[in-house]
Structures are given as structure tokens and as C-alpha cells.
Amino acid sequence: MITNEQLLLLEKYLKESNNIVFFGGAGVSTESGIPDFRSKDGLYNNMGVDFSKYKPEYLLSFACLYHEPDVFFEFYRQKMNTRNYKPNITHNVLAKLEEIGKLSAIVTQNIDGLHQKAGSKNVYEIHGTTSVCHCMNCGREYDGNYIFDCDENIPHCQYCGDEDAIIRPNVVLYGENLPEYTVSKAISAIEKADSLIIGGTSLTVWPANTFLSYFKSNHLIIINNEPLDVPVNERTDLIITDKLGNIFTKIDEMFKE
Ligand code: NAD
């Protein structure tokens, strides 16, 4: 729970900032109903019988896509289909902060597209997105729905006609590099930020968790519903252990006209 003292500090930091960057993870979308990976109710603790013999990281790896595409697509369709979920208060207030000129960018590890659905414009999706997919042979892009709606278990390109021309999601899988251009824009936004809010991430996924070292300015704020297992940056000004939805409801009130 946030204390009154923390709330006043949060308000002070945010009101004196005009170039806030939000760095988020799966915890931003749990209040929309999408499970995160590592918390008690997260996907890694609720794999279901079909996938219990696999390590979660394997099911979302390039190795799985390459060696066992049928397993990869079964898992992807069952667990990564976030098309019918809606943005929550955190996504909505972040979009509002951008609109009023307070927030300059969102750097997200999420692949669900909910920040854009909420109206945020400057979103760097460093782990890619489920909203787009592409042919591994010719590179042709398809709407992300293609994988979820097509009749084939392993989706194939309609244009290549080649049995190896698999359509895959534009998601960064374990074992793959992050998209260079997006990463450089994300790092540059963090370098220029006057406040950095880190929210809803276990900060365990490399290299995303190293991005914070590029932040040089005033206020580093961490909001997570549980204390983090990793050492936090010693420059952190404020650590709030609470649900993002509670805190962003309060942030919304701070900026009501
Ligand atoms: P994680 O599962 O490792 O950590 C999520 C953290 O958020 C946990 O510490 C949890 O306690 C916290 N949390 C959960 N709900 C919260 C809430 N309402 N308020 C505040 N904190 C909350 O997730 P991660 O650090 O983002 O890393 C996992 C990887 O999972 C990322 O690469 C991401 O691509 C992927 N992922 C994405 C989605 C999505 O797109 N929505 C969902 C699951 C996983």
C-alpha cells in the first residue's frame, strides 16, 4: 500500500517532470485479465496439462518454433491470444499523460498492443508484438490475426506456396535478438527522460533489465505489487509496493483539470 508520504513525493516528482518515460512489463496488463509470467497467478505456474512437460522459456523460443512448430503454434494460440482484452486504468492514464505533454515515451516488454489501444502514440515494443506476423521465407507481413484465425495448425504463406514458408509472429522469442532500431529509440528516450517510472516488471528478463542504467536524471520510481527479487538501482527515489491500478487512479486525480 502506498503511504501518504510516498503519494506526496510521487505527486511532487511527476508535477516537476515534463519528459517522463514509463518502462513496463507484464504486470501492466494483469488488471486487464492477461496473466504475467512469474507471479503466483502467472503463466509459468499455470501451464495446463498440455504443456506441463515443457519449460515455458522453450515454448516461446526460436528453438521450439524451428524444431517443434506444431507445439509452438498450439501454445501460442492458447496462451498468447490477447486480441479480446481491453486497456485498463494504467494504460489509459499513461495515454492521457502523453496527451497533456507530460510523458514522452513508453518502453514496454509487453506484446499485447494495449498501450496503442489506449491511445498512446510513442510506444517502443522491445519484445515485439502479436499484432503483426510475417513469412519466414519471403518476409511478407500479415495481420497478427492470421495466425489465430487460419485453418492450418502451422500457418503457411499464401504467396510463397512453399511448405517451409511458415508465418511467425513479430514477437522476440527466447534465443533471438531485440529489434535494433526500437532498442536504440527506447534507450535514447530513457537517456533524455527527466523521470523514469518502472512498473509491473520482475526486471529479470535480459537485456531489457539493463536499459535502466541509461537513465541519468532526477527521479527513478518503481511500482510493483510485490518487492522485487533483483537488486534495484541504488539511485531509486521511490519504491511503491502496490497495484499499478491503485497508483494510476491516484495519478489520474493529480492531473485532473
Ligand atoms: P514478469 O511476469 O516476469 O513480472 C511481472 C511483475 O509484475 C511481477 O513482479 C508481478 O508481481 C508484477 N505485477 C503483476 N501484476 C501487477 C499489478 N497489477 N501491479 C503491479 N505489479 C504487478 O513480467 P516481465 O518482467 O514483463 O517479463 C516477462 C516477459 O513476459 C516480458 O518479456 C514480456 O514480453 C512477456 N509477457 C508479456 C505479456 C503481455 O504482453 N501482456 C504477458 C506475459 C508475459
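One-based numbering, in listed order, for ligands and for the atoms of each. Fair warning: this is a prediction, and the values are worked out from it, not measured in the lab.
- Geometrically, ligand 1 and P35 share no nitrogen or oxygen pair separated by less than 3.5 Å.
- Near N110, with a cut-off below 4.0 Å to any heavy atom, the atoms of ligand 1 are 37 (C), 38 (C), 39 (C), 40 (O), 41 (N).
- Residue V205 places no N or O, backbone or side chain, under 3.5 Å from any N or O of ligand 1.
- For I223, no nitrogen or oxygen atom sits less than 3.5 Å from a nitrogen or oxygen atom of ligand 1, counting backbone and side chain alike.
- Residues P56 and F51 have side chains not in contact (no heavy-atom distance under 4.5 Å, counting atoms from C-beta outward).
- Close approach of ligand 1 to G200 is summarised as follows: ligand atoms under 4.0 Å from at least one heavy atom of the residue are 5 (C), 6 (C), 7 (O), 21 (N).
- Judged as a ring pair (Phe, Tyr, Trp, His ring centres under 6.0 Å), and not counting sequence neighbours, the contacts of Y44 are F37.
- Proximity of the aromatic rings of Y76 and F148 is defined here by a centroid distance below 6.0 angstrom, and this criterion is met.
- Screening residues 72-85 for salt bridge (charged side-chain N to carboxylate O under 4.0 Å, His left out) gives R83-D149 as the qualifying pairs, with residues at least two apart or on separate chains.
- Close N/O approach between L244 and ligand 1 is found [any backbone or side-chain N/O within under 3.5 Å].
- Closest of all the heavy-atom pairs between K15 and M254 is NZ-O, 3.2 Å.
- In terms of polar-atom proximity, defined here as any N/O pair under 3.5 Å, K243 makes no such contact with ligand 1.
- Note: an N/O pair closer than 3.5 Å links E31 and ligand 1 by distance alone.
- Here is the list of ligand 1 atoms found below 4.0 Å of a heavy atom in T30: 14 (C), 15 (N), 16 (C), 17 (C), 18 (N).
- Heavy atoms of other residues, nucleotides or ligands lying less than 6.0 angstrom from CD of E152 number more than 12.
- Checked against a 3.5 angstrom limit, the closest N/O atoms of D112 and ligand 1 fall inside it.
- Nearest heavy atoms, S104 versus N122: O-ND2, 2.8 Å.
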